[in-house]
Amino acid sequence: MDSLTGSQIIGQQLSDHGDEKYRATSAFSGEPMAPFFRNASEGEVDRAVCLARDASGFWATASPDVKSKFLRELAQRVNASRETLLNRASLETGYPEPRLTMELDRSLFQLGVFANLVEEGSWVDAIIDQRKANQAGPPQPDLRRMLRPVGPVGVFGASNFPFAISVIGNDVVSAWAAGCPVVVKGHPGHPGTCELLGRCVQDVIRSKNLPEGIFSLVQGTQNRVGEALVQHPSIRAIGFTGSLRGGKSLWALTQKRTEPIPFFAELGSLNPTLAFPAIFRRNTSDFTKNLLASLTIGNGQMCTRPGFVFYVKCRETEQWTQELLTAASLAPQQPLLNTSVASQFAEATEQYRVQLDARQIFPLQTKDEPKSEFDASPPSLHLYQVTAAEVLRCGAKWTEAFGPVCILVGCKDLEEMKAITNTLPGGLTLSLHADPAEQTLAAQWLSDWTAKFGRIVWNDFPTGVPIGNATQHGGPYPASFDGQGTSIGTRAIERFARPTCYQNFPETLLPPELQSDNPRHIWRQVDGRLTQDKLPH
Ligand code: NAP
């Protein structure tokens with residue numbers, strides 16, 4: 001692969017029309033790195049979206065074979081560049097190589113999962129109600145319904161997943177699999193990694209002679225790049241992963257359009273962990289070790305990091321706190337992703353002190369002044385402690401601090417634990433650590449949790465989201481905007497497709513998935529029964 005150019009990737013072109021320049025900074029030193037990147041111009045965003053619009057018809061009707069081969073070949077192409085990708089991503093994010101390797105492998109696996117999904121084909125949710133002339137009740141026409149791609153999708157990747165929630169990440173792959181061309185707005189935290197990945201996509205599109213508009217990448221550090229993308233009239237949906245503040249601001253723009261469009265936002269989450277009393281009556285070393293691992297993976301910069309641990313205070317929990325502090329002192333020190341994440345982290349943890357009256361218990365603060373703005377980024381893991389009574393007295397003002405921090409919330413009894421957890425906002429996950437004997441209690445609380453959280457975890461930790469068919473990664477506001485979909489797992493495809501019903505249609509005009517012969521041999525619901533059978537003409 002040639003060296004980085006700092007250009008936008010507009011279809012098959014490398015484009016340099018934007019005027020303001022910026023550079024990525026090293027997460028290790030804060031130093032700017034080569035090359036200069038440009039902020040995409042409005043004209044470049046327009047060209048990218050127009051190419052996507054032009055490619056929509058082809059990609060919407062491309063066969064499963066064409067789509068799945070594209071996804072599989074892309075996985076091979078990216079894998080062939082893995083060393084270059086890992087090196088650049090490490091410099092831009094400060095993540096250690098094992099963390100990045102795991103994420104890159106996950107992204108390649110994800111491409112394969114969606115290739116399989118497309119090949120199998122039943123995701124279109126085909127439903128056929130055959131014509132019924134002689135039934136009791138009104139005669140029924142022939143109705144055939146399935147999911148169809150929505151058209152060009154704009155995707156915003158997150159700072160903390162340079163591979164898995166980025167140029168070849170979950171939103172992009174699920175949109176492609178649904179049959180939608182994609183214009184990615186790269187995250188300004190890792191523009192070099194984005195460009196390298198984008199060039200892999202460009203290569204595969206060229207080598208397979210596919211329409212160039214299936215993919216473009218626009219980059220920049222200025223909000224106006226993303227604003228132009230969400231406002232473009234030919235964009236039909238947005239996949240966004242990032243902060244609540246950024247998501248709300250872009251969502252508002254989509255709703256002000258002449259034609260508002262769906263905005264699928266995956267935002268932050270507190271991910272409460274409830275530790276019921278029995279777990280502290282046994283050896284807690286595994287609980288402590290696994291909690292710390294979950295807190296520190298990716299240096300805590302995970303939307304599923306367990307941000308709060310609730311427990312009933314007693315002698316055993318005091319001992320456990322000491323055990324956690326000892327283990328925390330051995331946790332690795334890593335830089336945060338960039339100065340912006342560092343300053344927002346400092347601001348949010350200060351809010352914990354001010355708004356929740358929480359006390360920092362790790363690391364114990366020293367009076368040394370930081371040497372420079374970059375050195376001011378806090379060391380790894382921060383632990384705070386507070387009582388439930390104090391939080392409730394302060395009005396329970398919950399906010400996410402994106403980074404390595406956890407608040408230990410001591411409750412006087414289970415009743416107070418219930419009262420305080422009832423004040424939590426919607427979230428991606430809630431984890432419960434309990435003994436079998438405590439299941440009756442859990443059952444009483446369960447319906448409150450299912451109303452508020454997308455995934456409920458039993459005796460396990462929330463980080464590490466599998467890419468499966470039953471995966472749910474999304475939850476009620478403020479974790480997502482509506483919590484009705486998932487951004488990870490095969491069901492993510494449904495966000496970029498909408499149902500169309502064909503009434504009394506001739507066979508030759510029906511999509512293959514709805515034709516009576518069922519040429520794609522998919523599972524369909526016919527007159528209420530799931531089947532792969534052909535239908536009589
Ligand atoms: P961010 O600062 O919101 O940035 C995300 C993208 O949105 C960037 O491309 C950014 O580019 C753009 N953007 C932000 N504000 C904008 C605005 N007002 N107008 C136009 N574009 C805007 O997010 P982040 O840095 O990735 O922050 C991490 C957050 O993401 C955390 O809260 C974390 O919990 C969450 N997250 C959630 C998930 C999930 O799956 N739920 C996964 C990972 C991370 P510009 O700033 O250049 O415009």
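Numbering of ligands and ligand atoms starts at 1, following listing order.
Side-chain atoms of Q351 and T399 include no donor-acceptor pair closer than 3.5 Å. Using modelled atom types, one finds a donor on one side chain and an acceptor on the other under 3.5 Å when comparing R495 with S174. Using a 3.5 Å distance cut-off with no hydrogens or angles, the side chains of Q8 and S15 do not pair a donor with an acceptor. For the residue pair W123/T490, the side-chain donor-acceptor check at 3.5 Å is not satisfied. In this structure, a donor-acceptor pair under 3.5 Å is absent between the side chains of R82 and N87. Defined by atom type and a distance below 3.5 Å, a donor-acceptor pair is present between the side-chain atoms of R77 and S81. In the model, T5 has a side-chain atom that pairs as donor or acceptor with a side-chain atom of E195 under 3.5 Å. Side chain to side chain, Q385 and R359 meet the donor-acceptor criterion of an N or O pair below 3.5 Å.
The protein atom (non-hydrogen) at minimum distance from atom 10 (C) of ligand 1 is K185 NZ, 4.1 Å. Nearest to atom 3 (O) of ligand 1 among the protein's heavy atoms is S243 OG, 2.6 Å. When only non-hydrogen protein atoms are considered, atom 35 (C) of ligand 1 lies nearest to G242 O, 3.3 Å. In terms of protein heavy-atom proximity, atom 40 (O) of ligand 1 is closest to H473 NE2, 2.8 Å. Of the protein's non-hydrogen atoms, the one nearest atom 43 (C) of ligand 1 is N160 OD1, 3.1 Å. Looking from atom 36 (N) of ligand 1 to the surrounding protein, the closest heavy atom is C303 CB, 3.8 Å. Nearest to atom 34 (O) of ligand 1 among the protein's heavy atoms is E400 OE2, 2.6 Å. Nearest non-hydrogen protein atom to atom 28 (C) of ligand 1 is F402 CE2, 3.6 Å.
Within the set G403, S249, G246, the minimum heavy-atom distance to atom 18 (N) of ligand 1 is found for S249. Of the candidates T486, L250, T241, N39, the one placing a heavy atom closest to atom 21 (N) of ligand 1 is L250. When the options G226, P188, G157 are ranked by their closest heavy atom to atom 47 (O) of ligand 1, first place goes to P188.
If you number the atoms of ligand 1 from 1 as listed, the ones under 4.0 Å from a heavy atom of T221 come out as 47 (O). Residue L428 has at least one heavy-atom neighbour below 4.0 Å for each of these atoms of ligand 1: 41 (N). Using a 4.0 Å cut-off to heavy atoms of G220, the atoms of ligand 1 that qualify are 47 (O).
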- prompt: Could you go step by step and tell me if K185 and Q219 meet the side chain to side chain contact (heavy atoms under 4.5 Å, CB included) rule?
  reply: CA-CA 6 Å; K185 156 67 174 64; Q219 303 226 65; over 6 Å; no
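For V225, no heavy-atom contact with ligand 1 is shorter than 4.0 Å. Contact annotation: for N223 versus ligand 1, heavy atoms closer than 4.0 Å belong to both the backbone and the side chain. Contacts between S159 and ligand 1, counted as non-hydrogen atom pairs separated by less than 4.0 Å, involve both the backbone and the side chain. Heavy atoms of I165 found under 4.0 angstrom from ligand 1 belong exclusively to the side chain. By the criterion of a heavy-atom distance under 4.0 Å, neither the backbone nor the side chain of I488 is placed next to ligand 1.
With F109 as the aromatic partner, R106 does not meet the cation-pi criteria of under 6.0 angstrom to the ring centre and within 45 degrees of the ring axis.
Using the six-membered ring where Trp is involved, H433 and F287 have ring planes that are perpendicular, over 60° apart on the 30 and 60° scheme. Between F240 and F156, the angle of the ring planes lies from 30° to 60°, which puts this pair in the tilted group.
Not a single N or O atom of F161, backbone or side chain, sits closer than 3.5 Å to an N or O atom of ligand 1. For a threshold of 3.5 Å applied to N or O pairs, the pair formed by H187 and ligand 1 contains at least one separation below that value.
The residues R224 and E42 are annotated as not salt-bridged, no charged nitrogen and carboxylate oxygen being separated by less than 4.0 angstrom.
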